[in-house]
There are 2 protein chains.
Amino acid sequence: MLTIGKLGEAAGVKVPTIRYYEQIGLLPEAERSAGNQRLYGRKAMERLAFIRHARDLGFTLEAIRDLLSLSDRPDQSCAAADAIARAQLAEVESRLARLTALKAELERMVVQCAGGKIADCRVIEVLGDHSLCATDHRHPETELAQ
Amino acid sequence: MLTIGKLGEAAGVKVPTIRYYEQIGLLPEAERSAGNQRLYGRKAMERLAFIRHARDLGFTLEAIRDLLSLSDRPDQSCAAADAIARAQLAEVESRLARLTALKAELERMVVQCAGGKIADCRVIEVLGDHSLCATDHRHPETELAQ
DNA sequence: CTTGAAGCTATAGTTGCTAGAGACATTAAG
DNA sequence: CTTAATGTCTCTAGCAACTATAGCTTCAAG
């Protein structure tokens with residue numbers, strides 16, 4: 001049995017994060033030692049690794065909650081898991097497209113900066129006047145988030 | 001003079017967001033009408049457009065605060081503005097690299113899903129066992145944030 | 001003059017943690 | 001066996017950048 005610190009070390013997750021996952025119900029309530037400290041076995045370790053990996057892949061905690069409950073029902077169809085993964089892939093692809101456009105615009109901006117005074121600065125100028133922009137990177141809906 | 005609703009419409013920014021920007025000092029306190037409603041002129045409109053555009057390019061509000069105060073001093077060197085923009089470009093490039101790796105991993109995952117039962121699902125399996133992964137996409141430091 | 005939209009303030013919620021305070025537990029050294 | 005250092009406990013508050021809600025006032029159209 002591992003204490004919370006060892007578990008965190010093993011899984012690459014910070015201690016308060018583990019307690020947070022327990023608090024929001026992503027991890028079950030841990031067993032406790034005589035002195036009230038959390039103790040974890042292999043099952044908890046695996047579950048935490050699953051969460052960590054999914055987080056690394058950008059899944060939200062909500063999506064992970066769904067994936068975990070799916071993985072607890074091995075006899076069911078995997079369509080739902082597949083759908084969640086595909087949705088995440090679509091998310092990533094759209095963010096990628098957006099970031100690629102941003103990169104182009106930022107590059108244009110910094111390349112044009114001649115290094116003079118603010119009054120002549122292309123960076124400030126472009127930010128102040130959207131019409132100086134090559135690409136239309138305005139997205140009312142799509143969040144930059146995550 | 002525009003009311004807050006018209007300004008928001010014109011700049012593509014929601015009304016509560018404008019009030020929020022005022023609250024955190026990104027926009028100056030607006031003039032008020034006899035009935036205590038905010039009124040905005042061309043200067044406020046331009047400042048808000050600047051903020052909006054910079055947000056669209058992924059600058060944080062902190063960076064925008066700096067850029068705005070720079071743009072208020074047109075006689076100074078533009079080096080600082082350039083540095084902020086370059087930092088943002090670097091940020092975007094690193095996120096781009098990371099997302100590209102995620103995309104590859106997610107694609108691998110969904111392609112391998114044969115559509116059977118959860119017990120055989122590659123999505124769940126890969127998430128549960130990091131060693132099944134092609135790429136090492138674990139980043140202790142680099143946040144996925146933004 | 002009435003009605004409905006738009007404005008006001010203030011507070012709380014969102015996501016996914018992270019940081020702090022103050023108290024108890026455990027472990028290693030002396 | 002004691003002490004000191006570290007680890008853990010709970011609880012609360014904070015971060016970014018908004019968004020939503022409640023309950024009120026003001027404005028513009030008919």
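Lettering of chains follows the sequences in order, A, B, ..., and the numbering in each one begins at 1. Worth knowing before you read on, the calculation uses all heavy atoms, side chains too, and leaves out hydrogens, waters and symmetry mates.
Each of D:dA17, C:dT9, C:dC17 was ranked by its minimum atom distance to the side chain of A:Y21; first place goes to C:dC17. Picking from D:dC9, C:dG7, C:dT18 the nucleotide with the shortest atom distance to the side chain of A:R38 gives D:dC9.
Side-chain atoms of B:R47 never come within 3.5 Å of backbone atoms of B:I51 as a donor-acceptor pair (strictly under, hydrogens ignored).
Separating the CD atom of B:E62 from the C1' atom of D:dC15 is a distance of 12 Å, rounded to the nearest angstrom. Atom CG in A:L61 sits about 11 Å away from atom P in C:dT18, given to the nearest Å. Put simply, CD1 on A:I24 is 9 Å from C1' on C:dT15, counting in whole angstrom units. The CD1 atom of A:I4 sits 13 Å away from the P atom of C:dT18 (whole-angstrom rounding). Taking atom NZ on B:K14 and atom C1' on D:dT21, their separation rounds to 15 Å, with Å as the unit. At whole-Å resolution of the value, CD1 in B:I64 and C1' in D:dC18 are 13 Å apart. Atom CD in A:E22 sits about 16 Å away from atom C1' in C:dC17, given to the nearest Å. Here the P atom of nucleotide C:dC17 and the CD atom of A:Q23 are 13 Å apart, to the nearest Å.
Every residue two or more places apart in sequence or in another chain that forms a salt bridge (charged side-chain N to carboxylate O under 4.0 Å, His left out) with B:E62 is listed here: B:R65.
Sorted by residue number, the members of residues 25-32 of chain A with any non-hydrogen atom under 4.0 Å from DNA chain D read A:R32.
Distances shown here put a side-chain N or O of B:T3 below 4.0 Å from the OP1 or OP2 atom of C:dG7.
Here A:R19 lies in heavy-atom contact (under 4.0 Å) with a base.
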Under 4.0 Å protein heavy-atom contacts per nucleotide of nucleotides 22-30 of chain D, with B for base, S for backbone only and - for none
----SS---
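Ion pair A:D82/B:R122 not flagged as a salt bridge, since none of the NZ, NE, NH1 or NH2 atoms sits closer than 4.0 Å to an Asp/Glu carboxylate oxygen.
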